[in-house]
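Presented below is the structure to which this report refers.
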Amino acid sequence: MPKSLPLLLAIVVVAGLCWALAVPPWQSPDELDHFAYAETLAENFSIPGTAGRQEDSSDESFADHSVGASRGAFYPGASPPEWSRSAYDAYLAVEQGRDPPARGDGGGLSGADQNPPLYYLFADIGYLLDHGGTAFGRLYAMRLWGVLLLAVTTSAAWLLAGETLGRRRLPQLVCAAVVGLLPMMTFISSSVNPDALLITLWTLALWLGARVINRRAGKWDVIALCAVTAAAILTKATSYALVAPVVLAVAAGWLRRRPAERRPALIPVAVGAAVLALPVLAWLALAHSLGRAGINNIGPTAAHPVNIRQFLSYVWQFYLPRLPFLTPFRTTPGLPLYDVWLRQGIGTFGWLDVYLPSWLYPTVSVAIGVIAIASVGLLSRLLKRRHLPLLGFFALTALALLMLLHVSEYLLVIDGGGGFNQGRYLLPVAGLLGLGVATIVSRLPRRARTATSGLVLTGMIALQVVSLATIVQAYYL
């Protein structure tokens, strides 16, 4: 193993531990619901969503009220969490008394009950590590356990750059640093949230897809890619967007074989298809038998049918200013491209209510724009070098994710709901951002390459420091 990788992983893990411990209890998106799901699964070995039961257990609700977690959500400045010693002593007196609040009486309808169970099974390992402790102890144990996912995501980004650009250590370091030290990445990965596992699996899928294409659909590569894709689908329904890119990668790798090798290679392809399909079908059958939706129930209705022109108008207004002849269709007051994808993707913490210094957002947005333009400039050179299948796989992965997110938001809005998309929903393809920066670095002269890599790493660490300082200021000062 190259020396730079474990050193980077050490920095990333330290940052993840800081985030896991610094963010107050249940102050990340939907963490109350996700904790309740994991608790129900651990205590009752059942999936939540039972009508007539309370959403959260008595134990979680009591811990929540003792620190004002729900009260402080969305308004940490006006209603910060309660940190007094007397409040904690009062909580412990009840929690450790003769009749403590029950842990197994939750499991009712919630915003998370339609999610597949894979992430929560993973999170329950952390939950059980402090099973005899308080709700706060179990929450922090789950967060700390999730830092492992952050380390795997960083390693997968390193491997992705190595598979795409060759074993060139500086570009690999840059790619992994951009992914592992992105503030929203560390924030979500150290929260109790299925997106933490989703990001890891998508980054692994990007690496394995590139490997399948480059190495002509090797047996174990195909099976591993299909297994990771199945795991991603069993983590969150968003991952159905991975199916088309995976099919493209396998087909491209298979077609790169010599004609005489193609027919025998169909056997591992068939095995991979079974590895992908069977667990997903088993989950759908289980969900149906339990009377639950296996996929989040979002769809058109007779009262609100899909209008293609309206959908295209919505997509236009998401990325570009509205033209005079277009009917207004905005999910945020400003331009969603900037307010949702860029600002929230760079760093909007808590329940999307804790912001970085305002000057940072346009500065980092300009840097991302420069990276995008430079990457497009290099794209033409790569096309001449017969990398079209690899580029097609990366492009289709990003476009499939965007399409699924936009269709979901459009259907919710026309049905009377509000905006759906958040910047963190793009984190599954953060590996492509890291790969773009690494590609630019790989094209620089040797001396400039070293200096630029150091600048990128320093900038990412500085962004981490500013982001953690923002958390401390918002919740503790």
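With hydrogens and angles ignored, the 3.5 Å screen pairs a side-chain donor or acceptor of Trp145 with a backbone N or O of Phe122. Under the 3.5 Å distance criterion, the side-chain polar atoms of Tyr355 are left unmatched by any main-chain donor or acceptor of Phe349. Between the Gln317 side chain and the Thr327 main chain, a donor and an acceptor come within less than 3.5 Å of each other. Listed for the Ser57 side chain is no donor-acceptor partner under 3.5 Å among the backbone atoms of Gly106. Between the side chain of Tyr476 and the backbone N or O of Ile471, no donor-acceptor pair lies under 3.5 Å. Panel note: side chain Tyr119, backbone Ala196; no donor-acceptor pair is recorded below 3.5 Å. Checked by atom type and distance alone, the side chain of Asn214 pairs as donor or acceptor with a backbone atom of Glu163 at under 3.5 Å. Panel note: side chain Asp353, backbone Trp351; a donor-acceptor pair is recorded below 3.5 Å.
Contact annotation: the side chain of Val179 never approaches that of Trp158 to less than 4.5 Å [non-hydrogen atoms, C-beta and beyond]. Ile346 is listed as a side-chain neighbour of Ser365, based on a closest heavy-atom distance under 4.5 Å. Residues Leu206 and Leu435 form no side-chain contact, since every pair of their non-hydrogen atoms from C-beta on lies 4.5 Å or further apart. Using a 4.5 Å heavy-atom threshold, the side chains of Leu182 and Val178 count as separate. The shortest distance between side-chain heavy atoms of Met142 and His34 does not fall below 4.5 Å. Side-chain contact between Leu356 and Arg343 is absent, with no heavy atoms from C-beta onward closer than 4.5 Å. Side-chain contact check for Phe329 versus Arg322: every heavy-atom pair is 4.5 Å or farther apart. A heavy-atom distance below 4.5 Å is not found between the side chains of Leu404 and Val407.
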ring-ring contact (aromatic ring centres under 6.0 Å, His included) between Tyr410 and Phe420: does it pass, once the steps are laid out? CA-CA 8 Å; Tyr410 168 75; Phe420 163 78; over 10 Å; no
Any chance you could lay out the side chain to side chain donor-acceptor pair (under 3.5 Å) test for Ser28 and Glu31, step after step, and finish with the verdict? CA-CA 6 Å; Ser28 66; Glu31 197 171 38; 3.3 Å; yes
Would Thr153 and Thr200 count as a side chain to side chain donor-acceptor pair (under 3.5 Å) here? Give the steps. CA-CA 5 Å; Thr153 300; Thr200 300; 2.6 Å; yes
Do Phe136 and Tyr91 pass the ring-ring contact (aromatic ring centres under 6.0 Å, His included) test, and can you show the C-alpha distance, the side-chain angles, and the key distance before you say yes or no? CA-CA 11 Å; Phe136 297 107; Tyr91 166 76; 5.0 Å; yes
Step-by-step ring-ring contact (aromatic ring centres under 6.0 Å, His included) determination, Trp341 to Tyr425: CA-CA 9 Å; Trp341 287 159; Tyr425 294 162; 7.7 Å; no
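Ser453 contributes atom OG, which lies 11.5 Å from atom CD of Gln172 (distance to the nearest 0.5 angstrom). How far CG of Leu121 is from CG of Leu41: 5.0 Å, rounded to the nearest 0.5 Å.
When only modelled atom types and interatomic distance are considered, Glu43 and Tyr127 share a side-chain donor-acceptor pair under 3.5 Å. Side chains of Asp33 and Ser110: no donor on one and acceptor on the other come within 3.5 Å.
Pairing each heavy atom of Asp113 with each of Ile47, the nearest pair is O-CG2, 4.2 Å. The two residues Pro357 and Thr470 have their closest heavy-atom pair at CD-OG1, 4.0 Å. Here the closest heavy-atom approach between residue Leu165 and residue Pro171 is recorded as CD1-CB, 4.1 Å. When every heavy atom of Arg424 is checked against every heavy atom of Pro29, the shortest pair comes out as NH2-CB, 3.6 Å. Shortest non-hydrogen contact noted between Ser66 and Ala87 is O-CB, 4.3 Å. The shortest heavy-atom contact between Trp283 and Pro116 is CZ2-CA, 3.7 Å.
Ring orientation note: the planes of His406 and Tyr319 are nearly perpendicular, at an angle over 60° on the 30°/60° scale. Ring geometry, Tyr37 versus Tyr120: the interplanar angle falls under 30°, so the pair is classed parallel (tilted spans 30 to 60°). Aromatic ring pairs are classed by plane angle as parallel below 30°, tilted from 30° to 60° and perpendicular above 60°; the pair Phe318 and Tyr314 is perpendicular.
Screening residues 444-466 for ring-ring contact (aromatic ring centres under 6.0 Å, His included) gives no qualifying pairs among residues at least two apart or on separate chains.
Between Arg138 and Glu39, at least one side-chain N (NZ, or NE/NH1/NH2) sits under 4.0 Å from a carboxylate O, which counts as a salt bridge. A salt bridge links Asp221 to Arg211: at least one charged side-chain nitrogen sits closer than 4.0 Å to a carboxylate oxygen.
Under the side chain to side chain donor-acceptor pair (under 3.5 Å) criterion, Trp19 pairs with Thr186, Gln464, not counting sequence neighbours.
Just one of Val441, Leu457, Leu455, Thr452 meets the side-chain contact (heavy atoms from CB on, under 4.5 Å) condition when paired with Val174; it is Val441.
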